[in-house]
Amino acid sequence: MRDVAIVGIGQTPVREHWDKGVRDLAVEAVLDAMADAHIERADALYVGNMLSGKLSGQEHLGALIADYVGLEGIEAVKVEAACGSAAATLRQAILAVQSGAVNIAIAVGVEKLTEMTSGCTTNALAMASDGDYEAEMGLSFVAINALLMQRYMYEYGVDKDDFAAFTLNAHANAAHNPNAMFRNRMTREQYANAKMIASPINLLDSSPIADGAAAVVIMPTDMAFDFSDKPIRIAACEVATDTIALDNRANPLWLRGVECSARKAYRTAGITPEQVRLFEVHDAFSIMAALSLEASGFAEPGTAVRLANEGEIRRDGRIPIATFGGLKGRGHPVGATGIYQVVEATLQLRGEAPEALQVDDVDYAMAQNIGGSGATVVTTILERLERK
Amino acid sequence: MDIPRHWRLHNQRYKLEGSRCTRCGTLAFPPRPICRVCRSRDMEPYTFSGRGTVYSYSVVYQSPEGFEAYVPYVVALIDLEEGVRITAQLTDVNPDEVYIGMPVEMVVRKIREDGERGLIVYGYKFRPPLTA
Ligand SMILES: [Zn+2]
């Protein structure tokens, strides 16, 4: 299989974009990525999205976006895997380039969540879970994650207040990311007093509903230096699944999809977790950050919250996470999130992160995008590439 | 939500009917066409007793549409005594009194009303047992 590299990136700010629809957002990110890669043509476009049909009355995003970025005629298709849609889309683009079927591919993730009332959006997001046996029982997506957090606290004797470390880190980093939705720092007092949504998950444990789009241009590594001074090699992009419903898992606190996807990624990249310099984690909820750190091999079961409180997830810690604010600080436009993570990891590897966010000596960066409560997991490992 | 969808699920919603693998005996809820343990496709219906204990729970303050009238309400993962876990609401209980390990039993209750179309959905919820 051919080796593949990222040669262009683009992203819109994550906001409530009242003035922009799903088409506008995707077009903006794709055109940015094409300009960054100095290309005017591509062979295929892959569009990641979860809810455009339900919330914007628009499906068929492949043809729509290809048309409006001036690529009418090329192969284009939408890929969906709930909140894991974007990285799942990148995976399809990578397979196409690796196989030789396509030379230049664009992967874009886009989501427009603020089109409807928040109640309607809550119902739409619950479609990531089991419709007949979770959502129809009155469980929001927040409530499903709350069941995990409650059990985690019980089983490992962890205090609710100690989860604040994830929120504080995310917001501290987001404050320096111009594309982040929340650029305000948070305190432990604010966390302790935040409004409860589904106990024990409060407002500051949750990532915000937001709009945005992010895109990457990929091509074979042997062409990459013709288009970019700093191409970033895709060392691995591996997908795994778990049961859709939480209740069908023997141990819900061990995310087997995360373990499987991360293990495959380490093997493909030929590295160990110790070599990962930073980790863009899927912190849709504080509990997911903890469970992902554990099942990815960065912390023993039940110890990720302690790791966070010891400062090891900060920029100067052992495994910096959410270096641009994560889902909580940057925002979580669900079907776009996985490519935001990859764009941010690319900026870190290029050495182009804002000064306050730049991690030193990044050789390998990892991003992990999760659909549902761990049912689809995509782990991507990126590597800095030296000109031969 | 469509009426045929609820009709299709009535054995699950009213009777807690899952499946049992006739080859290795593995139980499942909801019913599955293929055994997760031995891959056999020879499955038969199995009705659960409806008795169990709370594995985890959450008190919901911001509900999805259609459940606003019940806020705050309790949702839970329940370990059925047959060794299968299920997701459901708790009822007839003060949210402050719910704890992990609490014994519960199944009852059929109104799950929600679809205001616009007048559809009322019934199904299983769990409550503290009336008799110890
Ligand atoms: Zn079997």
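Naming: A, B, ... by sequence-line order, numbering from 1 per chain. On a predicted model such as this, the values are computed, not experimentally measured, just so you know.
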Peer 1: Quick check for you: among A:Leu139, A:Thr122, A:Asn248, A:Asp130, which has the greatest number of heavy-atom pairs under 4.5 Å with chain B?
Peer 2: A:Asn248
Peer 1: Less than 4.5 Å to any heavy atom of chain A: does that hold for the side chain of B:Glu68, its backbone, both, or neither?
Peer 2: neither
Peer 1: Go through the atoms of B:Tyr57 and report whether side chain, backbone, both or neither lie under 4.5 Å from a heavy atom of chain A.
Peer 2: both
Peer 1: Is the closest side-chain heavy-atom distance between A:Gln150 and B:Ser58 below 4.5 Å?
Peer 2: no
Peer 1: Ignoring hydrogens, what is the shortest heavy-atom contact between B:Val75 and A:Gly138? Give both atom names and the distance.
Peer 2: CG1-O, 4.3 Å
Peer 1: Can you tell which part of A:Ser118 gets under 4.5 Å to a heavy atom of chain B, answering side chain, backbone, both or neither?
Peer 2: neither
Peer 1: Roughly how far, to the nearest 0.5 Å, is OG of B:Ser56 from CD1 of A:Ile144?
Peer 2: 12.0 Å
Peer 1: Between atom CD of B:Gln62 and atom CD1 of A:Ile201, what is the distance when rounded to the nearest 0.5 Å?
Peer 2: 12.0 Å
Peer 1: What residues of residues 187-196 of chain A sit under 4.5 Å from chain B when you count only heavy atoms?
Peer 2: A:Lys195, A:Met196
Peer 1: Look only at the side chain of B:Glu65 and the backbone of A:Cys120, and say whether a donor-acceptor pair between them is shorter than 3.5 Å.
Peer 2: yes
Peer 1: Using only non-hydrogen atoms and a strict under-4.5 angstrom cutoff, which residues of residues 14-28 of chain B touch chain A?
Peer 2: none
Peer 1: Take atom CZ of A:Arg15 as the centre, draw a 6.0 Å sphere, and report whether it contains more than 12 heavy atoms from other residues, nucleotides or ligands.
Peer 2: yes
Peer 1: Where on A:Ala245 is there a heavy atom nearer than 4.5 Å to chain B: the side chain, the backbone, both, or neither?
Peer 2: neither
Peer 1: I need the minimum non-hydrogen distance between A:Tyr133 and B:Thr87, along with the two atoms involved.
Peer 2: O-CB, 3.8 Å
Peer 1: Let's go through A:Asp132 and B:Gln12 carefully: what are the C-alpha distance in whole Å and the side-chain angles of both, what is the deciding distance for side chain to side chain contact (heavy atoms under 4.5 Å, CB included) to 0.1 Å, and is it a yes or a no?
Peer 2: CA-CA 10 Å; A:Asp132 289 340; B:Gln12 282 70 53; over 6 Å; no
Peer 1: Ring pair (Phe, Tyr, Trp, His ring centres under 6.0 Å) with B:Tyr61: which residues, sequence neighbours excluded?
Peer 2: none
Peer 1: Check B:Arg85 against A:Arg249 and note the closest heavy-atom contact, atom names and distance.
Peer 2: NH1-O, 3.1 Å
Peer 1: If you count the non-hydrogen atoms of other residues, nucleotides and ligands that lie under 6.0 Å from CZ in B:Arg36, is the total more than 12?
Peer 2: yes
Peer 1: With a 4.5 angstrom heavy-atom cut-off, could you sort out which part of B:Tyr73 is near chain A: side chain, backbone, both or neither?
Peer 2: side chain
Peer 1: Which answer fits A:Ala126, side chain, backbone, both or neither, if we ask what part of it has an atom under 4.5 Å from a heavy atom of chain B?
Peer 2: neither
Peer 1: Sequence neighbours left out, cut at 3.5 Å: what donor-acceptor pairs do the side chains of residues 121-130 of chain B make with other protein atoms?
Peer 2:
from, atom 1, to, atom 2, distance (Å)
B:Lys125, NZ, B:Gln89, OE1, 3.4
B:Lys125, NZ, B:Lys110, O, 3.1
B:Arg127, NE, B:Glu105, OE2, 3.1
B:Arg127, NH2, B:Glu105, OE2, 3.1

Peer 1: Please look at A:Thr121 and chain B and tell me whether the side chain, the backbone, both or neither of the residue comes under 4.5 angstrom of a heavy atom of that chain.
Peer 2: neither
Peer 1: Among B:Leu77, B:Asp79, B:Leu80, B:Ile78, which one satisfies side-chain contact (heavy atoms from CB on, under 4.5 Å) with A:Asp247?
Peer 2: B:Leu77
Peer 1: Where does B:Arg32 contact chain A at under 4.5 Å (heavy atoms): side chain, backbone, both or neither?
Peer 2: side chain
Peer 1: When you look at B:Arg13 and A:Met137, which way does the side chain to side chain contact (heavy atoms under 4.5 Å, CB included) test go after all the steps?
Peer 2: CA-CA 10 Å; B:Arg13 295 265 167 86; A:Met137 295 294 115; 3.4 Å; yes
Peer 1: Who wins among B:Ile111, B:Leu9, B:Val74 for the most heavy-atom pairs under 4.5 Å with chain A?
Peer 2: B:Leu9
